[in-house]
Every structure is written in C-alpha cells, then in structure tokens.
2 protein chains.
Amino acid sequence: MIEEAFRRTGVRRTPQRFFVMEHLLLRRDHATVEELCAAVNRDNAMTSRATVYNTLHALVEAGLVIEIMLDGKAARYDANLEKHHHFICDNCGSVEDVEWFDLPPEMEKKQFRAFEAILRGKCIRCQ
Amino acid sequence: MIEEAFRRTGVRRTPQRFFVMEHLLLRRDHATVEELCAAVNRDNAMTSRATVYNTLHALVEAGLVIEIMLDGKAARYDANLEKHHHFICDNCGSVEDVEWFDLPPEMEKKQFRAFEAILRGKCIRCQ
DNA sequence: GTCCCTGCAAACGGTTTGCACCCGG
DNA sequence: CCGGGTGCAAACCGTTTGCAGGGAC
C-alpha cells in the first residue's frame with residue numbers, strides 16, 4: 001500500500017509522488033523519466049520533469065524503488081525490490097528482470113559490496 | 001604492434017589515432033575521453049575532442065578496444081581484449097578489471113548473447 | 001507557520017553533428 | 001586525386017540547479 005510505504009519511510013505524500021509510485025507499481029516496465037512524465041501527465045494532474053526527478057530521488061533514497069543505469073542511456077526505475085539481474089534486448093532495448101544468481105564461490109570470497117549482472121540477447125518479441 | 005593492428009583491421013593510420021591507441025595500450029587505466037584528450041595533447045600533437053570520439057568509435061568498430069559504460073557517467077575505454085568483468089570503487093570511482101567467470105550452469109542454458117558483471121566495493125587504496 | 005515540494009527555465013556535462021579544410025593511400 | 005579524417009562550433013539530450021510561489025504536516 002503506497003500511503004503506508006510513504007508513511008513508513010518518511011516520504012511526504014504529494015499527488016505527484018503518489019502517481020509516480022503508482023505507475024511504477026502497476027506497470028513494472030522499467031520506465032524512464034520521460035515515460036513516467038508522459039504517463040503521469042496523461043492519466044492525472046500536471047507534473048514537471050523536475051518534479052519527476054525529485055520524486056524518483058526521494059523514492060530511491062527511501063528504498064522504495066531502484067535506479068537502473070544501463071549503456072549511458074536514460075536511467076530507468078524499478079519497483080521490484082527483490083534481488084535480481086537485468087536483461088537488455090539488443091534489438092528493441094527493452095529491459096527485463098532476470099532471476100537472481102550468486103557469484104561463483106571463488107569470487108564470493110572477495111567480499112564485494114554489490115554484484116549486478118547484465119545479460120544481453122534478443123527478447124521474445126524480437127526473435 | 002599498433003601499425004600491424006591498424007593494417008589488419010583496416011583502420012586508417014593517422015597520428016591522432018596512433019597516439020590514442022598507444023595511450024590505451026600503455027596505461028590500461030580505463031581512460032575517459034577527457035583523459036585521453038588531455039594525455040594525447042600533453043604528449044604529442046594537438047587533437048580535438050571530436051577526433052578522439054571519432055577515433056574511439058573506429059577502434060571499437062575494429063574490435064581493438066572495448067567501450068565501458070557505467071553508471072551513466074562518461075564512457076571509458078579498455079584495450080584489454082581478454083574476457084573480463086569490472087569492479088568500480090564506491091569511493092574514488094576507479095575501474096579495475098576482474099578475472100572472468102561464467103554464468104552458473106542453469107543460466108548458461110538460456111543462451112544469452114553476452115554476459116557482463118559489475119562488482120562494487122572499496123578499492124585497495126580507499127580501504 | 002514552517003519546511004519542503006513544485007514548476008519553470010537556465011545551466012551543465014558528455015556526446016553528436018555539420019561543415020570547410022587537409023592528408024593518407 | 002579521392003575518400004575519409006580533422007578541428008571547430010553549435011546542437012543535442014538527459015540531468016541538475018536556482019528561484020519564486022504553494023501545499024503538506
């Protein structure tokens with residue numbers, strides 16, 4: 001529940017923040033700022049790009065959303081908080097979640113703070 | 001040998017291209033365009049930023065260098081053609097090569113075209 | 001009532017592009 | 001000589017910032 005998550009993490013509840021969070025939860029398609037801005041403005045009240053950036057920073061800070069930076073293109077945002085990796089389609093550039101797997105044992109020893117895998121290929125639609 | 005690599009891959013040999021390639025081979029520190037531009041201009045003839053970009057595209061195209069895009073910051077370039085992963089220091093942002101490891105067997109089955117791991121932590125200097 | 005959020009517009013940093021000139025093959 | 005590379009400057013695109021006004025708590 002969004003209200004509850006905001007209260008719990010101390011994120012101030014504004015319509016803009018609510019709509020952004022709602023969109024990320026409903027359509028888990030790794031939206032970019034541009035897409036979120038368009039979606040929120042289509043469905044609801046007016047929201048500036050700057051506010052979408054501000055909102056996303058707040059949500060990332062609060063741990064409600066993760067930021068995915070791939071290939072130097074626009075950042076994408078993901079409300080899936082389970083540990084997972086990412087797949088990028090060579091053809092259409094879409095991003096999909098991939099089930100989590102750990103580092104091999106010999107690497108695990110080295111105590112990295114974080115591990116993230118990026119997998120590439122053609123997605124089902126593009127094959 | 002640089003001359004030979006250029007001839008083999010059909011990259012036209014200009015002083016600028018030679019110096020960029022030389023720098024990447026000698027100091028394998030994952031240089032950014034900015035750093036390469038500065039280094040080439042310090043040591044040798046004048047070279048514009050646009051030409052460094054052009055050169056790097058040509059070298060990546062020719063398969064003599066790989067491009068590393070991390071965290072939406074400036075691209076970095078690497079003359080290490082062996083398969084490897086990358087480590088980024090949380091503190092200073094430096095990038096290091098990490099020995100290659102494969103996907104776990106259950107993932108290997110899915111036939112991804114490419115796999116790249118990004119590891120994070122503190123580098124030796126920053127610990 | 002106090003902060004913090006919002007919208008706007010300008011600034012920013014990395015990269016790309018258009019163009020006239022130049023040089024490698 | 002020809003095609004492609006070079007330098008310069010302007011354009012581009014995603015993101016950040018400064019600021020005045022407004023809404024959450």
Side-chain angles (χ1 to χ4, degrees), chain A residues 2-23 30-42 44-62 64-77 93 95, chain B residues 2-23 30-42 44-62 64-77 93 95:
Chain A
I2 297 177
E3 313 271 4
E4 194 277 320
F6 279 9
R7 222 172 300 116
R8 178 167 45 79
T9 55
V11 171
R12 203 181 263 206
R13 193 231 189 270
T14 68
Q16 292 83 348
R17 292 178 172 203
F18 187 89
F19 293 139
V20 168
M21 188 73 219
E22 190 180 38
H23 184 91
H30 304 88
T32 61
V33 169
E34 205 59 46
E35 290 160 0
L36 281 166
C37 212
V40 171
N41 281 312
R42 187 177 336 105
N44 306 286
M46 101 139 309
T47 305
S48 73
R49 200 179 315 270
T51 295
V52 174
Y53 278 105
N54 170 11
T55 295
L56 289 166
H57 293 159
L59 296 178
V60 169
E61 190 80 4
L64 297 176
V65 151
I66 58 173
E67 187 179 48
I68 313 168
M69 305 284 296
L70 295 171
D71 291 347
K73 303 207 197 312
R76 293 171 171 276
Y77 294 85
V95 177
Chain B
I2 298 177
E3 312 271 5
E4 194 276 320
F6 280 8
R7 221 172 302 117
R8 178 167 44 80
T9 54
V11 172
R12 204 134 145 180
R13 193 234 189 265
T14 69
Q16 293 83 348
R17 291 177 172 203
F18 188 89
F19 293 138
V20 168
M21 189 72 219
E22 190 180 38
H23 185 91
H30 305 88
T32 61
V33 169
E34 205 60 47
E35 290 160 0
L36 281 167
C37 212
V40 171
N41 282 311
R42 185 176 338 104
N44 306 287
M46 102 138 308
T47 305
S48 73
R49 201 178 314 270
T51 295
V52 175
Y53 277 105
N54 171 11
T55 295
L56 290 166
H57 293 160
L59 296 178
V60 168
E61 189 81 2
L64 297 175
V65 151
I66 58 172
E67 187 179 46
I68 313 169
M69 304 285 297
L70 294 172
D71 290 346
K73 302 206 197 312
R76 293 170 172 278
Y77 295 85
V95 177

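Note on naming: letters A, B, ... go to the chains in the order of the sequence lines (proteins, then strands), and numbering restarts at 1 for each one.
- For the pair B:Thr51 (side chain) and B:Thr47 (backbone), a donor-acceptor distance under 3.5 Å is absent.
- Atom-to-atom, CZ of A:Phe19 to P of C:dG7 comes out at 12 Å; the value is rounded to the nearest Å.
- Relative to the ring axis of B:Phe6, B:Arg17 does not place its NZ or CZ within 45° and under 6.0 Å from the centre.
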- Sequence-aligned protein contact record of nucleotides 13-20 of chain D, with B where the base is within under 4.0 Å of a protein heavy atom and S where only the sugar-phosphate is: -SBBB---
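- Rounded to whole Å, the distance from CG on A:Asn41 to C1' on C:dT6 is 13 Å.
- B:Ile66 is not listed as a side-chain neighbour of B:Val60, based on a closest heavy-atom distance of 4.5 Å or more.
- Across the protein-nucleic acid pair, A:Arg7 atom CZ and D:dA24 atom P stand 15 Å apart, rounded to whole Å.
- A heavy atom closer than 4.0 Å to some atom of DNA chain C occurs in A:Arg12, A:Thr14, A:Gln16, A:Arg17, these being the qualifying members of residues 10-17 of chain A.
- Here the closest non-hydrogen pair linking A:Arg13 and A:Glu3 is NE-OE1, 3.1 Å.
- As rounded to whole Å, 14 Å separates atom C1' of D:dG5 from atom CE of B:Met46.
- Across all their heavy atoms, A:Ala31 and A:Leu36 have their closest contact at CB-CG, 3.8 Å.
- Atom pair B:Glu61:CD and D:dG5:P shows a separation of 11 Å (rounding to whole Å applied).
- Nearest heavy atoms, B:Gly93 versus B:Arg76: O-NH2, 4.0 Å.
- The two residues B:Glu35 and B:His30 make their nearest non-hydrogen contact at OE1-O, 4.2 Å.
- Taking CE from A:Met21 and NE2 from A:His23, the interatomic distance works out to 11.5 Å, rounded to the nearest 0.5 Å.
- Residue-level contact check: B:Thr47 touches the backbone only, with heavy atoms under 4.0 Å from sugar-phosphate atoms and none from bases.
- Look at B:Thr51 and you'll find a side-chain N or O under 4.0 angstrom from OP1 or OP2 of D:dG7.
- A donor-acceptor contact shorter than 3.5 Å links the side chain of A:Asn41 to the backbone of A:Cys37.
- Regarding B:Glu35, its CD atom lies at a distance of 11 Å from the P atom of C:dG14, rounded to whole Å.
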